[in-house]
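What follows is a single structure, written as structure tokens, with notes after it.
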Amino acid sequence: MAEAKKLGGAGLRGQVAGVTSLCTVGQSGAGLTYRGYDISDLADHAQFEEVAYLLLRGKLPNRQELEDYKKKLVSMRELPYAVKSVLEHIPKDAHPMDVMRTGCSMLGNLETETDFSQQDDKIDRMLALFPAIITYWYRFAHEGVRIDTASDVDSIGGHFLELLHGKKPSELHERVMNVSLILYAEHEFNASTFTARVCASTLSDIHSCVTGAIGTLRGPLHGGANEAAMALIQKFQTPDEAEKGLLGMLERKEKIMGFGHAIYRESDPRNAIIKKWSEELAKEVGDTVLYPVSVRCEDVMWREKKLFCNADFFHASAYHFMGIPTELFTPIFVMSRVSGWTAHVKEQRENNRIIRPSADYDGPADSKWVPIDERP
Ligand SMILES: CC(=O)SCCNC(=O)CCNC(=O)[C@H](O)C(C)(C)COP(=O)(O)OP(=O)(O)OC[C@H]1O[C@@H](n2cnc3c(N)ncnc32)[C@H](O)[C@@H]1OP(=O)(O)O
Ligand SMILES: O=C([O-])CC(=O)C(=O)O
């Protein structure tokens with residue numbers, strides 16, 4: 001019984017649950033790779049669309065292939081009328097991750113994957129449309145405007161910023177979005193990806209796999225941590241205040257969002273990359289509070305608990321400096337991770353057996369049936 005309880009609380013940590021050729025996480029010497037490419041090389045040199053192609057088509061595109069792929073994605077940006085109509089009926093105070101989940105699910109009703117040979121087109125359509133789904137709803141709910149979701153900004157990150165702010169983004173902001181989408185694209189058997197693979201293993205359709213994954217990513221222990229990290233850093237006016245506040249939280253055994261990781265033990269390689277961009281953006285906007293507060297949080301957590309920032313922590317300030325509302329942080333994660341989720345769905349489909357582990361039973365034995373009127 002005690003053994004079963006221990007297992008139940010272990011979150012399958014350390015169990016190998018399948019095989020992938022998409023990504024390695026936490027291997028010494030190379031913290032994170034996508035199909036063997038180091039994350040810092042990809043963040044320094046690649047476009048997000050190039051990385052999506054790598055994950056989904058199995059190799060880096062050549063110049064012509066990348067150009068064609070980007071053109072295809074740009075051509076798929078028109079939101080169907082029925083999706084717009086559903087989005088217009090979602091209340092202003094809905095959680096944007098619920099909007100993403102509903103938008104994806106509605107798309108699945110309109111453009112159902114009836115045959116797996118359609119998977120690449122369905123996936124590309126989601127990649128192309130997710131920025132429009134969230135910004136169409138957000139701007140309609142908050143400003144009462146029906147935005148035109150077509151645009152000639154050809155990057156997915158730049159397109160999102162343009163739809164959100166109603167103007168072309170600066171080169172710096174488009175670059176940071178690009179890096180951010182690359183960092184979030186893929187991460188082996190994390191909870192949301194595993195959800196997508198379990199769904200795929202039943203031979204379900206691609207929109208169901210992604211809808212389930214969005215629901216899993218929403219939680220604050222996973223993708224939702226970037227929003228929770230923002231709420232944390234905004235509580236403090238100075239680094240000293242942040243230090244005092246964090247020490248109190250640690251004493252009360254509260255979880256500090258944006259810190260720690262299920263696999264990495266010493267650092268999350270994505271942190272140094274997004275931290276650098278957050279610093280650059282802080283300089284651009286003349287911030288003297290959020291960035292120094294974030295750095296102090298990082299120092300205190302390492303000094304006190306040997307806990308390090310994960311990918312989410314410095315994303316909070318970086319997104320904030322680009323004028324992105326906090327509640328849209330996790331939907332950006334969706335715009336990116338849909339590439340990783342669907343690459344895993346494709347991989348699962350290539351060598352499928354329904355995923356069905358076992359459980360150790362620790363409930364009562366030999367329960368005797370009691371008629372309803374005789375129950376206490
Ligand atoms: C993109 C992503 O999804 S990254 C993850 C985003 N999530 C967060 O930032 C939420 C905050 N972090 C956490 O809750 C956890 O670190 C998780 C969920 C990411 C990983 O959970 P686990 O694998 O269970 O963590 P781990 O085994 O390393 O925990 C070791 C100890 O450190 C503690 N700890 C871990 N993270 C934190 C944290 N952020 N704040 C305070 N304590 C923490 C745990 O409670 C545990 O303490 P215990 O032994 O007294 O129970
Ligand atoms: O791998 C995990 O458990 C969580 C994570 O960092 C991610 O999904 O990017």
* Taking C-beta and beyond as the side chain, do Glu65 and Lys59 meet within less than 4.5 Å on heavy atoms? -> yes
* Can you tell if the side chain of Leu32 reaches within under 4.5 Å of the side chain of Glu186, non-hydrogen atoms only? -> no
* To do: Answer yes if the side chains of Ser105 and His207 hold a donor-acceptor pair under 3.5 Å, and no otherwise.
  => no
* To do: Specify the closest pair of heavy atoms between Arg77 and Ser155, including all atoms of both residues, with the distance to one decimal.
  => NH2-O, 3.6 Å
* To do: Just jot down the side chain to side chain donor-acceptor pair (under 3.5 Å) partners of Arg35, sequence neighbours excluded, or say none.
  => none
* Donor-acceptor pair, side chain of His222 and main chain of Arg218, under 3.5 angstrom -> no
Just list the side-chain donor-acceptor pairs under 3.5 Å for residues 45-52, sequence neighbours left out, or say none.
{"from": "Gln47", "atom 1": "OE1", "to": "Lys70", "atom 2": "NZ", "distance (Å)": "2.4"}
{"from": "Glu49", "atom 1": "OE2", "to": "Ile156", "atom 2": "N", "distance (Å)": "2.7"}
{"from": "Glu50", "atom 1": "OE1", "to": "Gln47", "atom 2": "N", "distance (Å)": "2.9"}

* Structure fact -> The reported gap from CZ in Phe189 to CD1 in Ile263 (rounded to nearest 0.5 angstrom) is 11.5 Å
* Taking the six-membered ring where the residue is Trp, are the ring centres of His261 and His187 under 6.0 Å apart? -> yes
* Can you name the nearest heavy-atom pair linking Phe314 to Ile274, along with the distance? -> CB-CG2, 3.9 Å
* Asked: Residues two or more places apart in sequence or in another chain: which of them pass side chain to side chain donor-acceptor pair (under 3.5 Å) with Glu188?
  -> none
* **Nearest heavy-atom neighbours spanning Val153 and Pro169** => CG2-CD, 4.4 Å
* **Worked check of side chain to side chain contact (heavy atoms under 4.5 Å, CB included) between Asp115 and Glu113** => CA-CA 6 Å; Asp115 189 296; Glu113 184 192 34; over 6 Å; no
* To do: Apply the test side chain to side chain donor-acceptor pair (under 3.5 Å) to residues Glu174 and Asn178: give CA-CA distance (whole Å), side-chain angles for both, the deciding distance (0.1 Å), then the verdict.
  => CA-CA 6 Å; Glu174 193 174 1; Asn178 180 64; over 6 Å; no
* Asked: Yes or no on salt bridge (charged side-chain N to carboxylate O under 4.0 Å, His left out) for Glu298 and Lys275, after CA distance, side-chain angles and deciding distance?
  -> CA-CA 11 Å; Glu298 182 178 33; Lys275 180 181 175 187; 2.8 Å; yes
* Structure fact -> By side chain to side chain donor-acceptor pair (under 3.5 Å), Ser278 pairs with (sequence neighbours left out) Ser317
* **Qualifying residues under side-chain contact (heavy atoms from CB on, under 4.5 Å), relative to Arg353, sequence neighbours excluded** => none
* Euclidean distance, Arg125 CZ relative to Lys122 NZ, rounded to 0.5 Å -> 9.0 Å
* **Test salt bridge (charged side-chain N to carboxylate O under 4.0 Å, His left out) applied to Arg57 - qualifying residues, sequence neighbours left out** => Asp120, Asp124
* Structure fact -> d(Ile214 CD1, Met126 CE) to nearest 0.5 Å is 8.5 Å
* Asked: Where do Ser151 and Glu162 land on the side chain to side chain donor-acceptor pair (under 3.5 Å) test, with the steps shown first?
  -> CA-CA 8 Å; Ser151 96; Glu162 185 181 29; 2.8 Å; yes
* Are the ring centres of Tyr184 and His315 closer than 6.0 Å? -> yes
* Would Asp205 and Thr112 count as a side chain to side chain donor-acceptor pair (under 3.5 Å) if you check the C-alpha gap in whole Å, the side-chain angles of each, and the deciding distance to 0.1 Å? -> CA-CA 8 Å; Asp205 67 289; Thr112 315; over 6 Å; no
* Closest approach of Arg139 to Leu164 (non-hydrogen atoms, all atoms of both residues) -> CD-O, 3.3 Å
* Answer yes or no: is there a side-chain heavy-atom contact under 4.5 Å between Ile133 and Trp137? => no
* side-chain contact (heavy atoms from CB on, under 4.5 Å) partners for Ile354, two or more places apart -> Ser201, Thr202
* Determine, using the 4.5 Å side-chain heavy-atom cutoff (strictly less than), whether Leu42 and Tyr264 are members of one ILVMFWY cluster. => yes
* **Pairwise side-chain contact, Tyr136 with Arg146, heavy-atom cut-off 4.5 Å (strictly under)** => yes
* Going by heavy atoms in the side chains, are Phe333 and Leu217 under 4.5 Å from each other? -> yes
* Asked: Between Tyr138 and Glu143, does any side-chain donor sit less than 3.5 Å from a side-chain acceptor?
  -> no
* Asked: Do Lys305's NZ or CZ and the ring of Trp302 fall within the cation-pi criteria of under 6.0 Å and 45°?
  -> no
* **With Arg296 via salt bridge (charged side-chain N to carboxylate O under 4.0 Å, His left out) - residues at least two apart** => Asp240, Glu243
* Structure fact -> When rounded to the nearest 0.5 Å, the distance separating CG of Leu54 from CG of Leu22 is 8.5 Å
* To do: Report yes if some heavy atom in the side chain of Ser339 is under 4.5 Å from a heavy atom in the side chain of Leu181; otherwise report no.
  => no
* Partners meeting side chain to side chain donor-acceptor pair (under 3.5 Å) with Glu327 (sequence neighbours left out) -> none
* To do: Not counting sequence neighbours, which residues clear side-chain contact (heavy atoms from CB on, under 4.5 Å) with Val179? List them please.
  => Ala43, Arg175, Leu183, Ile273, Trp277
* To do: Assess the side chains of Gln118 and Thr114: does a donor N or O sit below 3.5 Å from an acceptor N or O?
  => yes
* To do: Under the salt bridge (charged side-chain N to carboxylate O under 4.0 Å, His left out) rule, collect the residues that match up with Asp152, sequence neighbours excluded.
  => Lys168
* Asked: Between Lys71 and Asp154, does at least one N-O distance fall below 4.0 Å, as a salt bridge requires?
  -> no
* Spacing of CD belonging to Glu67 relative to CG belonging to Asn62, to within rounding of 0.5 Å -> 10.0 Å
* Kindly indicate whether the side chain of Phe130, heavy atoms from C-beta on, has any atom under 4.5 Å from the side chain of Val334. => yes
* Asked: Quick one: are Pro80 and Leu129 in side-chain contact, heavy atoms under 4.5 Å?
  -> yes
* Tracing side-chain links under 4.5 Å among I, L, V, M, F, W and Y, which residues wind up in one group with Phe116? -> Leu203
* **Considering all heavy atoms, the nearest Phe160-Ile134 contact** => CE1-CG2, 4.0 Å
* **Pairwise distance CZ(Phe259) to CZ(Phe313) - rounded to 0.5 angstrom** => 4.0 Å
* **Closest non-hydrogen atom pair, Ser180 against Tyr319** => OG-OH, 2.6 Å
* Asked: Just wondering, are more than 12 heavy atoms of other shown residues or ligands nearer than 6.0 Å to CD in Glu266?
  -> no
* Checking side chain to side chain donor-acceptor pair (under 3.5 Å) for the pair Thr216/Ser192: CA distance, chi angles, key distance, verdict? -> CA-CA 5 Å; Thr216 308; Ser192 54; over 6 Å; no
* Asked: Should Ile90 and His95 be marked as a side chain to side chain contact (heavy atoms under 4.5 Å, CB included) after you check the CA-CA gap, both sets of side-chain angles, and the distance that decides it?
  -> CA-CA 10 Å; Ile90 301 179; His95 193 289; over 6 Å; no
* Mark yes when over 12 heavy atoms from residues, nucleotides or ligands other than His142 sit less than 6.0 Å from its NE2; otherwise mark no. => yes
